[in-house]
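Scroll down for the structure; my scribbles are underneath it.
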Amino acid sequence: MDLVMEHPTGAELAQWQEHTRERLTRLREGNVPGDAAADGFLAGAVEGDGLAEGHFVGRFVDDGTTVGSVRLRDRGSTGVVVDLDVPVDRLPEVLDRLRAAAPSHGWTSLTVSAYTGDPVGAAIRDGGADLVATKMGRAVADVPDADIELRPMLDERFERFIDEGVESYAHSIFEAGDYPTIEDARLSSFEQHKQLLPQGLQSPGHLLWSAFDPAEPTQEVGLLWIEERLDHGFILEVEVDQAHQRKGYGTQMLRAGAAQMRERGRKMLWLNVFGHNADARRLYEREGYAVNEEILRIVVEPPVAG
């Protein structure tokens, strides 16, 4: 089997876009809103009448017949597999081709999204790929009431939240293998926080609270950060202070966040959990969060010198 990397143009590009959009929308069914999410994946891929720099489309050809395709995006040392549309029985050959092509782009790893119900993603996961992160969600309509108080975060708390949040997230993405050094992870974490919260506590669409136990109304026990996205909310951070962990506050903050989304007319609440954080995933599962997507990493062995 051959891997032919293409840069489709004109009608061929439009056909590819529509096919990919329909496929991603179908795979992301339940991930509200599916169409907007698929459009987000496709955004930036097209420039003029062709593919933008750093975006690739490949065909897998066997004896002159196309048997599958891949869409890739360059992200530094990682090749992001945005869409992989191949028969499961040809997957080992396809992955071999992708691994072989990766070094020419400077990629030392490939990341793949495995959606619930997608046999290709399941086969990659079961084949031993590393779990980087999991996207989980649940409907907010039937979430139990919370026994905790959320208060809008104050300016002085926000300053400490940014300092601590940048460092905490840097360690999370470094441990997930996204960056070669902790310094690179810190820089990325700082830039992401700056991009998400350009106006601090007044940044549009972002809700930040300090959490308090009603029985001890002067004692902050944690914080919650949710971004409102169309008809759903996305938890960017839920954190229980170390001195108050394992007392059920995490559960109560999740429920309070769901109540906030109900009040704002949102239907779903989503979150990401890093692959190394098994305790957090167990908490979310107990609260009814279901897996929709797993981000998997395939390590690419560097070519042997000589």
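The first residue of the sequence shown is numbered 1, and numbering continues consecutively from there. Hydrogens, waters and symmetry mates play no part in the numbers below; they use all other heavy atoms, side chains included.
Under the 30°/60° scheme for interplanar angles, the aromatic rings of Trp225 and His193 are found to be tilted. By the 30° and 60° cut-offs, the orientation of the rings of Phe274 relative to His276 is parallel.
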Could you go step by step and tell me if Asp213 and His244 meet the side chain to side chain donor-acceptor pair (under 3.5 Å) rule? CA-CA 10 Å; Asp213 187 332; His244 300 285; over 6 Å; no
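In this structure, Arg138 contributes its side chain and Glu287 its backbone to a donor-acceptor pair below 3.5 Å. The closest donor-acceptor contact from the side chain of His206 to the backbone of Leu196 lies under 3.5 Å. A donor-acceptor contact shorter than 3.5 Å is absent between the side chain of Arg125 and the backbone of Val120. No donor-acceptor distance shorter than 3.5 angstrom exists from the side chain of Glu239 to the backbone of Leu223, with no hydrogens or angles considered. In this structure a side-chain-to-backbone donor-acceptor pair under 3.5 Å is missing from Glu227 to Phe234. Using a distance-only test at 3.5 Å, with no hydrogens or angles considered, a donor-acceptor pair links the side chain of Thr116 to the main chain of Val291. One N or O on the side chain of Arg262 and one on the backbone of Val140 form a donor-acceptor pair closer than 3.5 Å. A donor-acceptor distance shorter than 3.5 angstrom exists from the side chain of Ser104 to the backbone of Ala101, with no hydrogens or angles considered.
Side-chain heavy-atom separations under 4.5 angstrom define the hydrophobic clusters, and the remaining members of the one that includes Val61 are Val4.
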